[in-house]
Amino acid sequence: VQLQASGGGSVQPGGSLRLSCQALNFNSDYYAIAWFRQAPGKEREGVSCISSSDRSTLYADSVKGRFTISRDSAKNTVYLQMNSLKPEDTAVYYCATDFEVGVCTQSLMKFGNMDYWGKGTLVTVSS
């Protein structure tokens, strides 16, 4: 089981990035996929999550209206489109999943209790 996160980089405030989380060796459609982030000196934070069957989504209040999570089943990939980026979005972003979890919940976002994690991708928002 492997999750491969990519798409990070450096952008100016107000810019956009799209992060990708590709699932390797399993079908990610069957499980919830979540994005988390951790900024230097801060605790890990749940950013967004997409459920398996109904593809319902959850977002942290800090990113609502700016970030969009989506799935591409053909590519076995979950995307996080990030628009109107702010300096406070600077962090290492991780995607995660768990074979016992199909539905995203606020608890999942808060505690991040998922079994499989990808390596992070760094997002830096700075002028």
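Side chains included, hydrogens not; waters and symmetry mates left out as well; all remaining heavy atoms used.
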_Any donor-acceptor pair under 3.5 Å from D29 side chain to S52 backbone_ = no
*Report yes if the side chains of S10 and S126 come closer than 4.5 Å at any heavy-atom pair, otherwise no.*
no
*Does some side-chain heavy atom of R55 sit less than 4.5 Å from a side-chain heavy atom of R71?*
yes
*Heavy atoms only: give me the nearest S16-V11 pair and the separation to one decimal.*
O-CG1, 3.9 Å
*In Å and rounded to the nearest 0.5 Å, what is the CZ to CD distance from R66 to Q81?*
12.0 Å
*Going from CZ on F26 to CD on Q2, what distance comes out if it is rounded to the nearest 0.5 angstrom?*
9.5 Å
*Distance from C95 atom SG to Q4 atom CD, nearest 0.5 Å?*
9.5 Å
_Checking the side chain of Q106 only, and the main-chain atoms of K110 only, is there a donor and an acceptor separated by less than 3.5 Å?_
no
*Would you mind checking if K86 and D89 are paired as a salt bridge, meaning a charged N to carboxylate O distance below 4.0 Å?*
no
*Would a distance-only check, ignoring hydrogens and angles, find a side-chain to backbone donor-acceptor pair under 3.5 Å from T105 to L108?*
yes
*side chain to side chain contact (heavy atoms under 4.5 Å, CB included) between L80 and R18: does it pass, once the steps are laid out?*
CA-CA 6 Å; L80 185 68; R18 188 178 75 161; over 6 Å; no
*So is R44 actually on top of F36's ring, under 6.0 Å and inside 45° of the axis?*
yes
*asked:* Could you check whether S51 and S56, counting side-chain N and O atoms only, form a donor-acceptor pair closer than 3.5 Å?
replied: yes
*Where does the angle between the aromatic ring planes of F99 and Y116 fall among parallel (under 30°), tilted (30 to 60°) and perpendicular (over 60°)?*
tilted
*Single-linkage hydrophobic cluster, 4.5 Å side-chain cutoff, V47 and W117 together*: no
*Rounded to the nearest 0.5 Å, what separation is found between the CE atom of M114 and the OH atom of Y94?*
15.5 Å
*Do L3 and Y79 sit in the same hydrophobic cluster, where Ile, Leu, Val, Met, Phe, Trp and Tyr count as joined when their side-chain heavy atoms come under 4.5 Å apart?*
no
_Working for side chain to side chain contact (heavy atoms under 4.5 Å, CB included), residues V78 and I69_ = CA-CA 7 Å; V78 169; I69 192 169; 3.7 Å; yes
*asked:* Counting C-beta onward and ignoring hydrogens, is there a side-chain heavy-atom pair between T121 and V92 closer than 4.5 Å?
replied: no
*Is the closest side-chain heavy-atom distance between E88 and S62 below 4.5 Å?*
no
*Before giving the answer on side chain to side chain contact (heavy atoms under 4.5 Å, CB included), spell out for D98 and Y31 the whole-Å C-alpha distance, their side-chain angles and the decisive distance to 0.1 Å.*
CA-CA 7 Å; D98 190 302; Y31 314 106; over 6 Å; no
_Interatomic spacing from CE in M109 to OG in S48 - rounded to 0.5 Å_ = 6.0 Å
*Check for a donor-acceptor pair, side chain of S20 on one end and backbone N or O of S6 on the other, with a separation under 3.5 Å.*
no
*Give, for atom OG1 of T68 and atom CG of N83, the distance between the pair rounded to the nearest 0.5 Å.*
6.5 Å
*Is the closest side-chain heavy-atom distance between L85 and L17 below 4.5 Å?*
yes
*Side-chain contact test, heavy atoms from C-beta onward, threshold under 4.5 Å: evaluate it for W35 versus L19 and give yes or no.*
yes
